[in-house]
Amino acid sequence: MAADPERHDVLIVGAGFSGLYLLHRLRQRGLRAHIVDRAPSGGGTWYWNRYPGCRCDVESMTYSYSFDEELEQEWSWSTRYADQPEILRYLNHVADRFDLRGDIQLETTVTAAQWDEDASLWRVTTNRGAVTARWFVMATGCLSVPNTPRFAGLDRFEGAWYHTAAWPDGGVDFTGQRVGIIGTGSTAIQTIPQVAAQAEHLTVFQRTPNFSIPAWNGPMDPAAEAARKAVYRETRTTARRGPTGDIWPESTSTALAVSAEEREAEYERRWHQGSFSFLSAFDDITTDDTANETAAEFVRNKIRATVTDPAVAELLCPYDHPLGTKRLCVDTDYYTTFNRPNVTLVDIKDAPIEEITESGLITGGTEYAFDSLIFATGFDSMTGALLAVDIRGRDGQSLRDLWAEGPHSYLGLTVHGFPNLFTMTGPGSPSVLSNMMTSIEQHVEWVDECIGHLTDQQQTTIEATADAQADWDQHVHDEAYATLYPRAASWYMGANIPGKPRVFLPYIGGVGKYTEICADVAANGYRGFVVA
Ligand code: FAD
Ligand code: NAP
């Protein structure tokens with residue numbers, strides 16, 4: 001006879017920033033909460049992405065938990081933008097500090113989940129057996145399912161190949177090797193300078209160039225750190241109230257209202273601040289074509305001024321999408337890397353990769369030979385991890401079927417027909433358009449308070465109404481189409497995955513506005529939900 005399934009109040013899938021904080025909150029409430037993760041270690045994104053050069057591009061003093069003031073004050077980041085090993089150390093420190101490990105089960109993959117109407121709980125299937133839980137939280141990450149394009153012949157390749165999001169523990173030594181890399185997104189832009197410095201030769205296969213802003217990373221200045229720690233509460237509040245979850249000042253003037261000289265000076269100032277400050281230089285960069293073009297051309301001029309071969313510089317200049325409508329990249333020495341004699345840029349826009357061969361790959365009728373190939377080809381973002389699990393709600397309704405033409409949600413957190421299911425930073429929430437730490441903390445706190453409230457009231461289910469969901473879907477769509485974002489063939493639009501519906505996935509209305517909406521929903525008796 002099969003053993004009875006293990007019972008939890010809350011099952012959380014995912015031991016990244018979201019899952020760990022939620023576990024901490026729920027345990028403080030006295031609930032039996034439990035995390036499962038398919039990884040052999042906690043850390044989520046920061047466990048899986050161990051490629052050379054991997055680091056955050058939101059400043060670490062902003063891209064870190066704010067929920068515990070002692071943690072905030074005691075932890076010191078060694079650089080402005082911490083690298084992956086340091087962020088993983090931080091997450092491990094958090095797991096130990098709050099004694100979370102006892103409730104985390106690793107190397108456990110959730111494959112299916114079924115709502116049991118009679119028992120009002122979720123029956124969850126994992127590779128290690130069955131589990132039940134009243135509340136089921138998918139904290140499975142927006143960027144956790146790697147996209148590996150199915151090029152013909154990959155299994156023939158006699159060299160080694162790696163996806164950046166499943167990098168070998170212990171790293172890879174490319175010394176003396178001919179290396180090829182596919183992709184020029186945020187990941188590639190971080191890793192290309194590192195690999196180029198080690199390999200004998202690096203060939204970069206670029207389908208679409210991206211806009212990248214310098215990070216100006218460097219060691220943490222102790223005085224700046226102390227000054228920031230003194231006002232940590234104020235900066236965290238700024239992050240939570242603003243549109244991006246970050247603390248860069250948002251301009252309220254339009255790019256076209258100022259003179260060309262003033263505009264250039266502001267772009268120059270923002271360029272030297274680095275990172276996402278640039279996108280906040282004027283308030284119409286992402287809504288007005290002409291304004292956007294001024295910012296885009298500023299960055300193109302920087303590329304032209306940096307890359308010595310004019311033909312290579314031009315290839316690196318993006319023209320196919322407005323600046324910011326594909327996620328802005330942040331780099332250290334990306335463009336200068338193309339001045340190295342051991343780096344070649346190959347444009348594959350009009351000549352897609354035809355096949356992988358025993359010794360390399362073929363594009364445009366030319367074969368390139370490599371010892372190693374790197375796939376920096378991104379993720380099945382936002383919906384990938386949710387749909388990888390066969391989730392079935394009321395009457396056996398399948399989430400995969402419901403979302404076949406694109407996701408539907410209420411607040412990006414819940415789905416009609418799927419009681420007691422929460423999707424952390426899910427499609428329809430600000431998530432990837434923000435500093436995700438701010439969005440993660442907001443979601444965790446909302447879900448924790450919701451479950452706490454229902455438990456206190458001895459209520460057992462909460463479910464979004466069909467009307468509330470339809471209104472939210474429409475609002476998410478309307479906000480997106482008031483901007484330039486849907487113009488880009490981006491992963492925000494699902495455009496990077498063949499066959500994926502083209503729907504703008506995140507909520508672009510802003511973190512502050514979204515937070516107010518969520519708070520108002522809760523304050524009004526969970527408006528838009530049926531509680532039973
Ligand atoms: P994740 O960290 O993705 O964790 C999800 C976990 O769920 C994973 O461990 C996965 O193994 C597990 N999981 C998924 N499906 C299953 C399943 N079926 N069964 C069991 N386990 C499962 N955001 C920023 O705001 N700033 C940055 O600078 C930034 N840098 C990034 C750099 C990289 C390279 C990447 C890929 C993303 C970056 N992000 C950044 C986004 C980042 O994903 C989030 O900031 C954050 O780390 C997400 O945390 P999470 O807990 O929600 O999800
Ligand atoms: P990405 O932005 O989706 O980039 C993937 C790259 O691979 C693109 O250049 C894409 O080209 C290319 N590609 C995909 N399929 C291809 C194919 N079949 N043939 C040729 N080229 C192909 O993925 P990512 O770089 O991993 O970044 C994803 C997100 O993770 C980022 O946007 C960001 O949110 C996060 N991230 C953040 C950081 C950071 O700096 N902190 C670092 C890494 C990742 P097209 O553009 O033409 O599709």
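In each ligand, atom 1 is the first atom listed, and ligand 1 is the first ligand listed. When reading the values below, keep in mind they use all heavy atoms of this one structure, side chains included, and skip hydrogens, waters and symmetry mates. Index from 1, following the sequence.
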Query raised in the report: Are W115 and F418 near enough that their ring centres are under 6.0 Å apart?
Result: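 No; F418 has its ring centre 6.0 Å or more from that of W115.
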Query raised in the report: How about W161 and F375: are their ring centroids closer than 6.0 Å?
Result: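 Here the rings of F375 and W161 have centres that are less than 6.0 Å from each other.
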Query raised in the report: Nearest protein heavy-atom contact for atom 46 (O) of ligand 2: which residue, which atom, what distance?
Result: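 Here the nearest protein heavy atom works out to K326 NZ, 2.8 Å.
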Query raised in the report: In terms of residue, atom name and distance, what is the protein heavy atom nearest to atom 27 (O) of ligand 2?
Result: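 Result: T187 OG1, 3.9 Å.
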Mode of [X] contact toward ligand 2 - side chain, backbone, both, neither (heavy atoms, under 4.0 Å):
| X | value |
| --- | --- |
| P149 | side chain |
| L143 | side chain |
| F205 | neither |
| Y51 | side chain |
| A376 | backbone |
| V58 | neither |

Query raised in the report: Can you check whether A215's main-chain N or O pairs, donor with acceptor, with R80's side chain at less than 3.5 Å?
Result: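 Yes, the answer is positive, given that a donor and an acceptor are paired below the 3.5 Å cut-off.
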Query - Within 45° cone and under 6.0 Å: R207 NZ/CZ vs F205 ring - result: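 Cation-pi check for R207 and F205: fails.
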**Report entry** Cation over ring face, R392 and W122, 6.0 Å, 45°
**Finding:**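 Relative to the ring axis of W122, which defines the angle, R392 lies outside at least one limit.
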Report task. For a side chain to side chain donor-acceptor pair (under 3.5 Å) with Y21, tell me which candidate from E441, H443, E445 qualifies. Result ->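 That would be E445; it is the only one of E441, H443, E445 passing the side chain to side chain donor-acceptor pair (under 3.5 Å) with Y21.
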Query raised in the report: If you measure from each heavy atom of Y63 to ligand 2, is any distance below 4.0 Å?
Result: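 Y63 does not count as a contact of ligand 2 under the 4.0 Å cut-off.
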Query raised in the report: At a 4.0 angstrom heavy-atom cut-off, what protein residues surround ligand 1?
Result: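 Residues V13, G14, G16, F17, S18, D37, R38, G44, T45, W46, W48, N49, Y51, C54, C56, D57, V58, Y63, T108, T109, V110, A139, T140, G141, L143, S144, F379, V389, S434, N435, M436, I440 each place a heavy atom under 4.0 Å from ligand 1, listed by chain and number.
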Report task. In plain terms, say whether E314 and R300 are close enough for a salt bridge, that is, a side-chain N and a carboxylate O under 4.0 Å apart. Result ->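 The answer is no: the pair does not qualify as a salt bridge.
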Query raised in the report: Should N496 be counted as touching ligand 2, given the test is an N or O pair under 3.5 Å?
Result: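 No.
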Query raised in the report: Are any of the side-chain heavy atoms of L20 and I35 separated by less than 4.5 Å?
Result: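 L20 reaches I35 side chain to side chain.
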